[in-house]
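In what follows, a structure is listed as structure tokens, so that the remarks can point back to it.
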2 protein chains.
Amino acid sequence: MGPSVSGVGVIDKATQVLDALEEAPRSLSELVAVTGFSRATAHRLAVALELHGLVRRDEEGRFALGVRLIALGRAAAEAIPLASAALPALEALRDETGESVQLYVRQGDRRVCIAALESPHGLRTIVPMGASLPLEVGSAGKILSDASNESVGTESSPNRRPWVESVGEREAGVASVSAAVAGPDGRALAAVSVSGPIERTTRQPGRRYGDAVVAAARHIETAAGLA
Amino acid sequence: MGPSVSGVGVIDKATQVLDALEEAPRSLSELVAVTGFSRATAHRLAVALELHGLVRRDEEGRFALGVRLIALGRAAAEAIPLASAALPALEALRDETGESVQLYVRQGDRRVCIAALESPHGLRTIVPMGASLPLEVGSAGKILSDASNESVGTESSPNRRPWVESVGEREAGVASVSAAVAGPDGRALAAVSVSGPIERTTRQPGRRYGDAVVAAARHIETAAGLA
DNA sequence: ATTAGCGTCTCGCATACTGAGACACAAGAA
DNA sequence: TTCTTGTGTCTCAGTATGCGAGACGCTAAT
């Protein structure tokens with residue numbers, strides 16, 4: 001293996017084990033194959049993580065992500081004031097549009113949902129808190145991709161509207177529209193989204209909900225003391 | 001520091017950092033005080049965890065649990081078939097009793113909520129998925145304490161009823177009743193609970209809901225293929 | 001103006017981690 | 001049924017890594 005990326009090689013390896021288990025429970029041999037570690041190293045790391053509850057064994061003896069991560073994930077979400085500050089605005093947006101709403105932040109080359117409220121309709125999109133999605137697809141992904149490259153809303157930005165829509169990108173039959181929740185420097189800290197089935201949102205969800213999403217983003221910035 | 005508890009000292013230390021941050025965001029100095037590590041060590045570990053998204057800096061520059069934990073927590077919950085298998089029985093229990101219901105598993109000397117449904121009443125208890133609570137208080141804690149020591153339901157068990165109730169233990173004004181979800185060997189794998197304000201549950205929630213909770217535990221065992 | 005405390009970084013040294021290989025057992029192949 | 005292969009677990013000699021005292025720059029407190 002090459003030099004440590006973080007300065008602590010064991011942490012690099014331990015997080016590779018967790019990443020490998022995020023996809024599915026794995027036998028030791030699968031873990032060795034996926035991570036490239038020697039069998040002794042993969043075993044030692046997985047058992048150490050198991051002792052701390054970050055990994056567990058499933059009914060078939062395979063390594064799986066442990067219950068401690070559920071508690072830590074909850075605590076992580078609670079420690080993000082943006083998520084709790086956003087809740088009133090998310091509730092108002094869900095009530096006004098009748099569709100499911102989410103708040104995402106960027107995590108490397110992906111986005112993670114840090115708050116979610118579901119539509120009362122029987123047919124609705126469900127993105128649970130904690131869901132991790134790629135940046136390449138979906139309107140929120142595009143908002144958060146921009147965040148690393150340039151400020152949203154400047155003249156040079158390809159995005160001249162204050163919202164982005166997508167139709168059938170993340171999932172067939174689903175459309176969404178998102179707006180940036182900007183920090184003091186103008187960069188997108190988060191993306192607020194409305195999503196639902198195309199048959200209700202239409203193929204132009206931006207026309208239908210864009211103003212409401214942008215207004216919700218402004219309310220969130222105010223509630224979080226960002227503007 | 002003494003010898004490693006898990007066989008990998010860095011993982012022991014890294015999880016101590018995460019545990020310290022679970023309570024609240026902390027400055028580096030606070031992290032040093034809480035963990036007992038040298039400042040250089042605490043800094044190096046926190047920055048390494050930050051690089052992997054397990055830790056982040058809040059607006060004040062303090063270390064806090066990172067967004068990656070939300071995604072891992074979600075994946076951990078999804079990998080527990082018991083939680084998804086339990087949902088129909090939890091829904092039925094919530095509908096029958098009108099109160100909030102939860103499913104807990106044991107995590108060391110604590111219990112973690114792996115599934116939760118809330119009562120439709122305005123006044124209701126809220127235990128979010130991922131919530132981590134001590135074993136010493138609350139009916140579910142007692143169910144899961146027993147799990148390590150002896151099989152629930154044997155003659156030697158202090159618990160002769162198939163459910164346990166508590167009144168005002170975890171939180172003033174709240175009562176709950178729980179039953180064990182047992183594995184093939186009779187040990188409690190999980191605890192299913194009904195909880196609500198004392199004014200609705202009365203001071204004898206067991207008389208009111210005990211049968212329903214036990215029936216739900218049986219349904220969960222069947223749905224999960226444990227019985 | 002001075003001192004104390006903070007976060008970040010360096011680098012010599014001690015030790016903790018690595019991984020080849022052994023072992024026991026189960027599963028698969030002949 | 002017997003033999004072979006694959007699995008999970010464990011050991012231990014060697015070495016690469018992580019540790020922490022101390023330096024540094026900056027900010028806050030005195």
Side-chain angles (χ1 to χ4, degrees), chain A residues 1-66 79 183-185, chain B residues 1-66 79 183-185:
Chain A
M1 188 175 193
S4 166
V5 297
S6 73
V8 185
V10 171
I11 287 179
D12 296 346
K13 285 177 167 149
T15 54
Q16 263 188 268
V17 169
L18 295 178
D19 293 347
L21 297 177
E22 182 181 18
E23 296 173 51
R26 298 186 189 278
S27 67
L28 179 65
S29 302
E30 289 169 334
L31 208 47
V32 168
V34 167
T35 59
F37 301 155
S38 74
R39 193 168 65 256
T41 297
H43 184 264
R44 187 176 52 253
L45 294 172
V47 163
L49 290 165
E50 180 182 21
L51 189 129
H52 291 288
L54 301 178
V55 158
R56 70 183 176 89
R57 305 293 184 121
D58 72 6
E59 335 70 59
E60 292 164 43
R62 293 175 303 180
F63 293 108
L65 291 180
D185 61 353
Chain B
M1 188 172 195
S4 166
V5 298
S6 73
V8 185
V10 172
I11 287 180
D12 296 346
K13 287 178 168 143
T15 55
Q16 264 186 264
V17 170
L18 294 177
D19 293 348
L21 297 178
E22 182 181 18
E23 295 173 49
R26 296 187 189 278
S27 67
L28 179 63
S29 302
E30 289 170 333
L31 207 46
V32 167
V34 167
T35 58
F37 301 153
S38 76
R39 195 166 65 257
T41 297
H43 185 263
R44 188 175 52 252
L45 293 171
V47 163
L49 290 165
E50 181 182 20
L51 189 130
H52 290 287
L54 301 178
V55 158
R56 67 182 178 92
R57 307 288 185 122
D58 71 7
E59 335 71 58
E60 290 164 47
R62 292 174 304 177
F63 292 106
L65 291 180
D185 62 352

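Just so you know, these numbers come straight off a predicted model, no measurement behind them. Quick note on labels: first sequence line is chain A, next is B, and so on, each numbered from 1.
- No side-chain donor-acceptor contact under 3.5 Å links H52(B) and D19(A).
- Residue K13(B) places no side-chain N or O under 4.0 Å from the OP1 or OP2 atom of dG18(D).
- Between dT18(C) and S38(A), no contact under 4.0 Å exists linking OP1 or OP2 to a side-chain N or O.
- In this structure, D12(A) atom CG and dC17(C) atom P are separated by 14 Å, rounded to whole Å.
- Nucleic acid contact for V47(B): none, since no nucleic acid atom lies under 4.0 Å from a heavy atom of the residue.
- Taking only side-chain atoms of R39(A), from C-beta outward, the nucleotide of dG7(C), dT9(D), dC17(C) with the closest atom is dT9(D).
- Remark: E59(A) does not engage R62(A) in a salt bridge, criterion side-chain N to carboxylate O under 4.0 Å.
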Determine, step by step, whether L54(B) and L65(B) satisfy the side chain to side chain contact (heavy atoms under 4.5 Å, CB included) criterion, reporting the C-alpha distance in whole Å, the side-chain angles of both residues, the deciding distance to 0.1 Å, and the verdict.
CA-CA 6 Å; L54(B) 301 178; L65(B) 291 180; over 6 Å; no
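- Residue H43(A) has a polar side-chain atom (N or O) positioned under 4.0 Å from OP1 or OP2 of dT9(D).
- With salt bridges taken as basic N to acidic carboxylate O contacts below 4.0 Å, none links R56(B) and E50(B).
- Side-chain nitrogen and oxygen atoms of R44(A) include at least one within less than 4.0 Å of the OP1 or OP2 phosphate oxygen of dT18(C).
- Using a 4.0 Å cut-off, some side-chain N or O of S29(A) falls inside it from OP1 or OP2 of dT7(D).
- A straight line from CD of E50(A) to C1' of dG8(D) spans 12 Å, rounded to a whole angstrom.
- Comparing I11(A) and L28(A), the nucleotide of DNA chain D nearest to each residue sits closer to the 5' end for L28(A).
- The side chain of A40(B) approaches dG22(D) more closely than any other nucleotide in the set dG22(D), dG8(D), dG19(C).
- One atom, CZ of F63(B), and another, P of dG7(C), lie 8 Å apart when rounded to the nearest Å.
- Atom CZ in R26(A) sits roughly 18 Å away from atom C1' in dG8(D) (whole-Å rounding).
- Within the nucleic acid shown, G7(A) comes within 4.0 Å of sugar-phosphate atoms alone, with no base atom in reach, counting heavy atoms only.
- With rounding to whole Å, L45(A) atom CG is found 12 Å from dA16(C) atom C1'.
- Of the listed nucleotides (dG8(D), dC17(C), dG7(C)), dC17(C) has the atom at the smallest distance from the side chain of V8(B).
- One can place CZ of F37(A) at 13 Å from P of dT17(D), the figure rounded to the nearest angstrom.
- A 4.5 Å side-chain heavy-atom check between L45(A) and V10(A) finds at least one atom pair inside the cut-off.
- Contact between the side-chain N/O atoms of R57(A) and the OP1/OP2 oxygens of dT9(D) is found at a separation under 4.0 Å.
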